[in-house]
Amino acid sequence: MANENDDEIEDISVKQKSEIINDKQSMEGNSESAGNDESTEEGGLDFSKFVNDFDQMKSILLVLVLIFATTTVYFSTMGESETDGDNDGGEGANGDTAQLATLRVEYDALLADNIALQSAYDQMDGQYIAAQSNVLSLQGQLQSSQNNSTSLQSALQSAIQAFNESQSENSQLQANISTLQAQLQMSLTNASNLQSALDENVSLVNSLQQDANDLQGQLNSSQQALSQLSQLFNNIYGQLGQLTQAQIDACPVGNPPLVVEIGEDNGSGGVTAGDGLLEGSEILNSTNFGCQGSFGKVADIVKTDSTDGIEGELFAIPNSMGGGVFFNVDDGIHGSEPWVSRGTIDSTYMIKDINPGISNSPGGDIAAFNGKIFFSANDGTNGYELWSTDLTENGTELFIDINVGSGSSNAGELFPHWNELFFSATNGNNGTELWVTNGTVDGTQMVMDINPGSSSSHPKKLTGTVFDGLYFTASNGQNGRELWSTDGTEEGTFMVKDIYQGSLGSSIDEITVAGISGTLFFSASNSQYGNELWRSDGTESGTYMVKDIYGGALSSSPSCITYIGSTIYFNAENTMNGIELWSSDGTEMGTTMIKDIGFMVDSHPCGFTLISGSSRIVFSANGGLSGKEIWVTNGTSDGTQMLADINPGSLGGNPNEFTEIGNGQLAFFATTVDNGREIWVTDGTAAGTNMLADIIPGSVGSGPSSFTLIDNGEKILFTPENSDGIVELWWHEN
């Protein structure tokens with residue numbers, strides 16, 4: 001009975017071990033399968049079967065534990081019975097003891113196995129818990145996989161549909177793929193070549209890097225120099241802008257400056273690109289380089305047509321005061337006031353509104369003395385008095401009120417000589433007499449009351465010589481108008497000679513100084529010879545008639561007396577030839593007629609002007625059939641001829657105001673039927689005699705006058721009239 005049980009127990013034990021081992025291996029296999037990331041319907045885990053097998057294994061373990069517990073109780077009870085039997089019998093007890101010992105050994109072995117099984121069970125229980133967690137995780141993954149499968153199934157259907165739709169494009173795609181494959185192969189080849197080139201350039205780069213480091217040092221040095229040069233460039237460019245602006249301001253009205261524009265014809269700013277024009281934002285820089293013409297109106301001085309514009313002659317301002325011209329003009333707003341111009345727009349301005357409003361202020365003569373311009377003006381309070389200006393508004397002021405109060409001194413005949421300024425004026429008590437100033441109020445005084453009391457001597461034709469005193473004509477109330485001289489003092493003021501004895505006066509005119517000798521040539525009359533050519537050295541004995549050209553008491557009336565070289569040129573009349581061209585060396589024998597120019601008429605030659613650097617003297621004369629035209633002479637009859645018939649016919653061109661403008665040329669005014677009176681130029685030859693500018697196109701003409709050279713002869717200022725008869729200031733550049 002015991003052996004059978006032992007065998008049964010042994011069988012059960014072996015069976016349990018085998019099942020436990022198999023179950024453990026099954027669990028390990030299932031655990032490994034459970035660790036896979038994905039499963040399919042064919043190869044996936046059967047989670048329900050795994051759970052059932054594991055539950056059966058747990059049941060077997062519980063049964064084994066119960067068998068173990070029952071066996072232990074059984075053997076304990078049986079041992080006690082056997083022991084009791086041993087006490088009762090002898091031999092039977094020994095046999096049972098042996099059997100019990102055997103069973104004890106088996107029991108111990110079985111107990112050890114049970115302990116091992118208990119440990120295995122505990123381990124498997126932990127694995128079971130872990131397996132349950134894996135089961136839950138895998139169930140989540142399975143659900144996610146199923147959802148993903150559903151999505152993939154839907155995407156597959158869409159892809160199949162797209163694939164079906166793209167079948168028509170497959171051929172093109174295949175071609176593109178082939179092309180791209182070829183390009184890829186080429187690119188790979190190029191990449192290989194580039195790699196080789198790259199390897200070659202790496203060493204070059206390393207070398208260049210060293211060079212770059214060296215250049216960086218040089219660059220740092222040059223940047224500092226560049227900064228200095230940039231500052232210098234900005235300074236120079238600013239100065240260039242000022243210079244070009246000055247050139248722009250010098251441009252005549254209506255004659256725009258030459259503009260140089262720099263930019264890119266790229267259509268920037270919405271303009272047309274590539275049209276050959278720079279417009280708007282295409283222009284990056286614009287520089288003006290002065291006016292394009294050589295003549296034009298200086299500025300729009302006159303603002304209305306209610307005025308005649310410039311009045312009188314232009315007065316040349318000395319270079320020591322900046323050059324230019326001083327003149328009086330009514331601009332239609334301020335009345336006649338003093339202005340200045342240096343031939344540019346910005347240098348032409350009214351100096352001061354001396355008599356505010358539309359009232360006129362200037363009058364009389366103008367002179368430069370002691371760094372200022374002296375002139376007569378009326379401020380509306382002090383009458384016409386002597387004023388001075390340094391060409392600024394603040395520097396323009398009443399110099400002295402000679403006739404105190406509202407009365408006028410009418411200062412005129414202004415003539416600087418040596419270190420003094422001589423002029424005529426009245427103080428209201430002594431009439432108009434000769435005055436002098438050293439440039440200060442205290443140094444201003446009447447030289448002499450030549451015609452005593454309130455009567456006036458009216459000093460005129462003030463003329464100075466280099467070494468002697470000042471000469472002028474005046475009337476003392478007893479001798480008529482005669483030649484006088486003064487050194488600036490009353491004691492040194494005297495009548496040189498009473499040429500026409502008595503109270504009638506000699507009618508002295510055309511006073512000309514013959515060079516540094518100081519000899520005066522002039523026309524004068526007396527009762528015996530009429531009006532003839534006279535000369536004077538400033539003494540009574542040295543004052544005498546050169547020649548009685550028109551014999552007897554009749555007058556030759558010499559005029560246009562001009563000293564050129566060592567010869568006096570003038571016109572005079574005699575009994576045979578009328579008024580013709582004469583010359584004189586200051587002696588009676590050396591005074592002769594050069595040529596009878598006028599055919600059946602008086603030629604009235606005048607305006608004798610030497611062309612610099614030559615022996616040609618240009619003048620105007622009436623040839624009779626040709627009218628008054630431009631002529632030239634070298635002082636001989638054969639060398640005297642008409643230079644050009646400017647206005648063909650008997651009317652003539654009537655040239656006048658010959659003015660040397662440099663470069664061996666003279667400018668003058670002349671009239672033609674087609675162009676009216678305009679500005680002309682000559683070099684003393686027929687081919688070099690031409691109209692310089694037709695200021696007012698057509699036959700009306702501009703009627704210019706008052707030539708004045710400025711800027712060391714580089715510019716000529718003159719005063720033509722516009723079509724409305726308004727006199728404006730124009731310029732011409734030589």
Side-chain angles (χ1 to χ4, degrees), residues 364-365 367 369-370 374 376 385-386 399-400 402-403 409-514 517-526 534-544:
D365 296 328
F369 172 69
N370 203 27
F374 285 79
S376 178
E385 295 291 347
L386 188 62
F399 175 68
I400 186 172
I402 294 176
N403 193 348
S409 68
N410 293 316
E413 300 291 336
L414 280 63
F415 189 86
H417 183 59
W418 296 332
N419 295 320
E420 295 175 310
L421 176 65
F422 292 86
F423 60 97
S424 65
T426 176
N427 59 13
N429 296 317
N430 300 102
T432 302
E433 298 293 345
L434 184 66
W435 285 65
V436 67
T437 181
N438 61 3
T440 67
V441 174
D442 292 340
T444 303
Q445 58 191 354
M446 184 172 64
V447 177
M448 181 180 181
D449 189 7
I450 296 175
N451 196 346
S454 60
S455 298
S456 300
S457 66
H458 291 294
K460 295 181 182 299
K461 302 186 184 301
L462 279 64
T463 305
T465 61
V466 176
F467 301 110
D468 296 328
L470 178 76
Y471 296 92
F472 61 100
T473 65
S475 174
N476 60 9
Q478 297 178 4
N479 303 103
R481 182 165 295 278
E482 296 293 348
L483 182 65
W484 285 67
S485 175
T486 184
D487 62 1
T489 67
E490 183 174 2
E491 295 78 12
T493 302
F494 58 92
M495 184 175 65
V496 176
K497 186 172 186 176
D498 187 7
I499 296 175
Y500 199 118
Q501 293 183 355
S503 61
L504 292 179
S506 60
S507 302
I508 294 176
D509 201 2
E510 303 278 346
I511 300 177
T512 300
V513 178
S517 66
T519 302
L520 302 181
F521 288 86
F522 54 93
S523 66
S525 300
N526 65 18
W534 284 65
R535 63 178 291 171
S536 176
D537 62 2
T539 67
E540 183 177 9
S541 59
T543 302
Y544 55 89

- Which atoms form the tightest heavy-atom contact between A524 and I499, and what is the distance? CB-CD1, 4.1 Å
- Message: Please list all pairs meeting side-chain hydrogen bond (donor to acceptor under 3.5 Å, both in side chains) that have one or both residues in residues 443-454, counting only residues at least two apart or in different chains.
- Response: N430-D449, T437-T444
- Task: Answer whether the closest heavy-atom distance between the side chains of L520 and Y471 falls below 4.5 Å.
- Result: yes
- Main-chain N/O of T543 paired to S536 side chain as donor or acceptor, under 3.5 Å: no
- Please check if any side-chain donor atom of S506 sits under 3.5 Å from a side-chain acceptor atom of E482, or the reverse. yes
- Residue pair N403 / S409: nearest heavy atoms and the distance that separates them: CB-N, 3.8 Å
- Message: Working to the nearest 0.5 angstrom, can you tell me the gap between E510 CD and K461 NZ?
- Response: 7.0 Å
- Query: Are any side-chain N or O atoms of T426 and backbone N or O atoms of G431, one a donor and one an acceptor, separated by less than 3.5 Å?
  - Reply: yes
- Task: Would you list the pairs meeting salt bridge (charged side-chain N to carboxylate O under 4.0 Å, His left out) in which at least one residue belongs to residues 491-500, sequence neighbours left out?
- Result: none
- Positive for side chain to side chain contact (heavy atoms under 4.5 Å, CB included) with F522, one of L483, D509, T463: L483
- Query: Quick one: are W435 and S424 in side-chain contact, heavy atoms under 4.5 Å?
  - Reply: no
- Student check: side-chain heavy atoms of L421 and N438 closer than 4.5 Å: no
- Do the non-hydrogen side-chain atoms of V441 and I400 ever get within less than 4.5 Å of each other? yes
- Note on the structure: Of all heavy-atom pairs linking F472 and T486, the shortest is CE2-CG2, 3.9 Å
- Describe, in one word, how the ring planes of H417 and F422 are oriented to each other, choosing from parallel (under 30°), tilted (30 to 60°) and perpendicular (over 60°). tilted
- Pairs in or reaching into residues 418-446: which pass salt bridge (charged side-chain N to carboxylate O under 4.0 Å, His left out), with residues at least two apart or in two chains? none
- Task: Begin with the C-alpha distance, continue with both residues' side-chain angles, and end with the deciding distance and a verdict on side chain to side chain contact (heavy atoms under 4.5 Å, CB included) for W534 and N526.
- Result: CA-CA 11 Å; W534 284 65; N526 65 18; 3.5 Å; yes
- Message: Please evaluate residues Y500 and S507 with respect to the criterion side chain to side chain contact (heavy atoms under 4.5 Å, CB included), reporting the C-alpha separation (whole Å), side-chain torsions for both, the decisive distance (0.1 Å), and the verdict.
- Response: CA-CA 8 Å; Y500 199 118; S507 302; over 6 Å; no
- Residue pair A367 / P416: nearest heavy atoms and the distance that separates them: CB-CD, 4.0 Å
- Item | Flag side-chain contact, heavy atom, 4.5 Å: N410 against T432 | no
- Query: Roughly how far, to the nearest 0.5 Å, is the CE atom of M495 from the CH2 atom of W484?
  - Reply: 6.0 Å
- Message: Would you say that L470 contacts L462 through its side chain, given a criterion of any heavy-atom pair below 4.5 Å between the two side chains?
- Response: yes
- Report yes if the distance between the aromatic ring centroids of F374 and F399 is under 6.0 Å, otherwise no. yes
- Side-chain H-bond candidate by donor/acceptor type, S475 with R481, under 3.5 Å: no
- Task: Please tell me if the side chains of F423 and I402 come closer than 4.5 Å, counting only heavy atoms from C-beta onward.
- Result: yes
- Determine the sole option in T493, L434, N476, T489 for which the side chain to side chain contact (heavy atoms under 4.5 Å, CB included) test with M448 is passed. T493
- Query: At their closest point, which heavy atom of G469 faces which heavy atom of W418, and how far apart are they?
  - Reply: CA-CH2, 3.6 Å
